[in-house]
Amino acid sequence: MDKDYTKLWLDYSKRKDMGNGALFKTISVFDFSNPEGFPVIQNALEELTKGAAGMLGVIPLVLSGDRSAESAGVQFPKGTLSIRRMEDLGPETYHVIEHEGKLHLHAGDENGVLYGAFEILRRIAMEQPLTGMDVTKTPDCPFRMLNHWDNLDGSIERGYSGKSFFFENDEILVNDRTEQYARLIASVGINAVVINNVNVKNAASLLITDTYFAKVAELSGVFSRYGIKLYLSLNFASPMEIGGLNTVDPLEPQVIFWWESKMAEIFAKIPNLGGFLVKADSEGRPGPFTYDRTQADGANMLADIVKKYGARIIWRAFVYNCQQDWRDTKTDRACAGYNSFKPVDGTFRDNVILQVKNGPMDFQIREGVSSLLGGMEKTNEMLEVQIAQEYTGQQIDLCYLMPMFREILDFKTYCGKEKDTVADIISGRCFGNKNTGIAAVTNTGNDRNWTGNDLAAANLYGFGRLACDLSLSPEQIAREWIALTYGNDPVVMETILKMLLESREIYESYTSPLGVGWMVTPSVHYGPFVDGYEYSRWGCYHRADHAGIGIDRTKEGSDYVSQYHEPNTSLYNDIRTCPEELLLFFHHVPYTYRLKSGKTLIQHIYDSHFEGYERALGLQESWKSLKDRLPLEVYHRVEERLIRQVANAREWRDQVNTYFYRKSGIPDEKGREIY
Ligand code: GCU
């Protein structure tokens, strides 16, 4: 039966066999034979069977046994895929090896089997031979999480793909789509999901009450069968909002007592709950600062209570003053996270994970890497990125984010350890912290194609793959995704690959280049409004005047640069060494300043916007060339987005260029039309 959504990269359609069919006559499972006890294995088996049938036309015979049969000398015939547990492989780890016409999938646990199965299926889909395969893999990040900003009324904060598929009119939905979603994200290695918005309000505050326990438990069951832990965003003010107390001071005994009994109730009612995500003291959300307590006081209070349930508290570092006076040019929002958290490094419990946005501002197309990454040595950290394209085109404009994530992961923090990149920190290799990982604010909704723009699914796929393997390149991920989604037509492959790989640079060039960010329409965050936030309370200013633009974060300015380790501090502090793509993020620069290209800053602004628009047109042309090679429905969906992208790029080009021409009075050297 046709469902009202697509299967994305798990659409197992016929592929070139490459001899792979011969390996799928039988699937034998050892050590995991009891279906009730190992639901994840059952799903892995179902997936392998479905995949073999769909892609290779083979329907394998599935047998199960225990190790005694094997030690009794049972010999597998050729064409057998044997699955078994190998304790020494460790959690979530698999080893897949082909040997003399037999395929062996060895795994440390159930998740290992599932991920190994998906690795095998990925190879088949990419038309690669399984013969000679020998791969061992442990996911690089222990926590690989998706954060949904879904509200119980069905809306999604910063959602660009329709409505929520978890919630509708204050009801929780559990249906085939939920199942398919779990399957989809498990296939790229996701092992944790937060189902509700970090801004916990209204009905969402009741998710931890009897009103919703049964349904949350059902949802949690669906996820657990795919090796995924369910988490809830928590309202720090719950003791007041639903408990009737008149304080939420984390050190108050009555508050602690309230949480103790609440948690006992929650964990009794919701099996497989991984823990909670908390946005406190942030954008109007309550938190420990209200009571003169530290962020650690707040997080630890909850962490101590949930510890006995094996759960975690994921505490967001997105703490800043959103009531800033724009006249105050000394306060810099970028400094706020570090100032709130660095002093309490080393005081967080082991089951607290600090979730840190990639930059110190808010998911702009380019920012410096957050100084908290590398700054907090003794605290578990999870990197937070946003694949919902709030500031990066809202799934209308094409913006493949893996190149950005790659740069962030490769950023050297110089924190004094040998392995000191962001990838090293979030994998635990750097400081030896155990509870580390990566989370993405996700980009899915109930649109038929899940992500609004079909091409935005590359960000969902890519995020999962990168979380498992932090060394993957944007190109490799894109190639995989294109092959799995559209098949192996080389023209389709090369055309979409080029579009994806250029898209971030293009988006950046027609919006807010050189790290200045913002300039978006307030609240909506799509489309240009150069001064939209300039005189607001949100702390995100560009400080443009007739002579120059940019935020002085040097030692002479807000001194944000000093939150980094050397040599990064000096590198950013000096305009001559500051990487130019971050020039206006760290410096206030005259329009007449010459960049390395020899161009003045103002000329660069003009050129970048004119070229960005042309390149957006180029994306449209590339897509047109694929018209006869793609399903018409897919073609039209993306075409429609590209038309809107071009219109958006034109608006950005003209508003930004006009604004800076009027401010500076300096004309474009090339005499192009500015208004
Ligand atoms: C951004 C976004 C908000 C969101 C916030 C957060 O500011 O615009 O919608 O709530 O980030 O990350 O908490």
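In each ligand, atom 1 is the first atom listed, and ligand 1 is the first ligand listed. Counting from 1, the numbers follow the sequence of the chain as shown. Keep in mind that this is a model prediction, so the values were computed, not measured.
How far OH of Tyr510 is from CD of Gln645: 3.5 Å, rounded to the nearest 0.5 Å. In this structure, CD1 on Ile438 lies 10.5 Å from OG on Ser427, to the nearest 0.5 angstrom.
Nearest protein heavy-atom neighbour of atom 5 (C) of ligand 1: Glu283 OE1, 3.2 Å. For atom 3 (C) of ligand 1, the closest heavy atom belonging to the protein is Glu157 OE2, 3.3 Å.
In Lys262, the NZ atom is crowded: over 12 heavy atoms of neighbouring residues, nucleotides or ligands sit closer than 6.0 Å.
With ring centers used as reference points, Tyr507 lies 6.0 Å or more from Trp652. Ring centers of Phe363 and His525: at least 6.0 Å apart, outside the cut-off.
In this structure, of His525, Gln355, Lys357, the residue bringing a heavy atom nearest to atom 12 (O) of ligand 1 is Lys357.
Qualifying side chain to side chain contact (heavy atoms under 4.5 Å, CB included) partners for Gln563, counting only residues two or more places apart in sequence or in other chains: Cys335, Tyr338, Asn339, Ser371, Tyr560.
Proximity to Val198 (heavy-atom distance under 4.0 Å) selects the following atoms of ligand 1: 13 (O). Ligand 1 places these atoms under 4.0 Å from at least one heavy atom of Trp149: 4 (C), 5 (C), 6 (C), 11 (O), 12 (O).
At a 3.5 angstrom cut-off on N or O pairs, Lys279 counts as close to ligand 1. Taking distance alone, with nitrogen or oxygen atoms compared against 3.5 Å, Asp362 approaches ligand 1 more closely than that limit. Residue-to-ligand polar distances place Glu390 within reach of ligand 1: an N/O pair is separated by less than 3.5 Å.
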Ring pair (Phe, Tyr, Trp, His ring centres under 6.0 Å) between Tyr659 and His609, intermediate numbers included
CA-CA 12 Å; Tyr659 179 98; His609 287 84; over 10 Å; no
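Counting heavy atoms closer than 4.0 Å to ligand 1, residue Asn199 contributes side-chain atoms (C-beta onward) but none from N, CA, C or O.
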